[in-house]
Amino acid sequence: MAIVIAILCHELELEINNDTVLTHAEAACRDLYGPGQGDPDMRWNLYMLKGMPETRAMRPGGVMLRKKALAYLHSMLRDKLLQPHEHKVEQPELLAA
């Protein structure tokens, strides 16, 4: 899932941060209906995930996915599996029209 996040954010030219990439649980908490509200029909599968195999500690799922996505993005750019985007230079004459 983190690889998909990295590729999609790269292609859509979105930063990978907690405003652009959220789990359902994180988005629900912002909308005040998230985990802990007692709705038996809601599932929060990515709310908490197991961290490193040696610790087995639970970590916030969104934080873990974003960190892994950033790591994958950097490694794919480094290994030239993805091409860096060229910075767009705005053309003032086109903007005035």
Side-chain angles (χ1 to χ4, degrees):
M1 185 178 286
I3 292 171
V4 172
I5 292 168
I7 293 169
L8 284 174
C9 286
H10 177 71
E11 292 304 313
L12 295 171
E13 298 186 37
L14 293 172
E15 286 185 42
I16 299 173
N17 61 45
N18 60 357
D19 288 322
T20 57
V21 177
L22 292 90
T23 65
H24 178 222
E26 290 171 322
C29 286
R30 289 185 182 188
D31 290 340
L32 305 175
Y33 76 94
Q37 298 300 316
D39 186 344
D41 294 327
M42 287 293 174
R43 302 291 181 259
W44 309 109
N45 299 341
L46 301 175
Y47 181 55
M48 298 294 281
L49 297 173
K50 287 184 182 175
M52 301 304 286
E54 55 274 3
T55 65
R56 299 267 192 228
M58 299 297 281
R59 307 265 190 242
V63 172
M64 205 154 118
L65 286 170
R66 285 186 291 275
K67 283 183 179 183
K68 286 184 177 206
L70 282 167
Y72 280 121
L73 177 60
H74 292 300
S75 68
M76 286 187 283
L77 287 169
R78 181 196 66 225
D79 297 340
K80 299 187 187 286
L81 298 172
L82 293 174
Q83 297 300 315
H85 291 289
E86 294 181 23
H87 294 288
K88 296 176 185 172
V89 177
E90 292 185 18
Q91 303 288 331
E93 62 276 2
L94 295 176
L95 295 175

**Message:** Please check if the number of heavy atoms outside Glu15 that lie under 6.0 Å from its CD is greater than 12.
**Reply:**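 No, not enclosed.
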
**Request:** Might you confirm whether atom CE of Met1 has over 12 heavy atoms from other residues, nucleotides or ligands at distances under 6.0 Å?
**Result:**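 Count not over threshold, so no.
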
Within the structure provided, determine whether [X] and [Y] are in side-chain contact (heavy-atom separation under 4.5 Å).
X: Met48; Y: Arg59; answer: no
X: His24; Y: Asn45; answer: no
X: Val21; Y: Cys9; answer: yes
X: Arg30; Y: Asp19; answer: yes
X: Met64; Y: Leu46; answer: no

Report the distance from atom [atom1] of [X] to atom [atom2] of [Y], rounding to the nearest 0.5 Å.
X: Leu65; Y: Ile5; atom1: CG; atom2: CD1; answer: 5.0 Å
X: Leu8; Y: Thr20; atom1: CG; atom2: OG1; answer: 11.5 Å
X: Ile3; Y: Lys68; atom1: CD1; atom2: NZ; answer: 10.0 Å
X: Ile16; Y: Leu73; atom1: CD1; atom2: CG; answer: 5.0 Å

Considering all heavy atoms of both residues, which atom of [X] and which atom of [Y] are nearest to each other, and what is their separation?
X: Val63; Y: Glu26; result: N-OE2, 4.1 Å
X: Ala6; Y: Ala69; result: CB-O, 3.4 Å
X: Leu22; Y: Arg66; result: CA-NH1, 4.1 Å

**Message:** Can a donor-acceptor pair be found, under 3.5 Å and without considering hydrogens, that links the side chain of His85 to the backbone of His10?
**Reply:**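 Yes.
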
**Request:** Report the relative orientation of the aromatic rings in Trp44 and Tyr33; use parallel for angles under 30°, tilted for 30 to 60°, perpendicular for over 60°.
**Result:**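 Trp44 and Tyr33: tilted rings.
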
**Item:** Linked, directly or transitively: Leu49 and Val4 (ILVMFWY side chains, under 4.5 Å)
**Value:**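 Leu49 does not cluster with Val4.
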
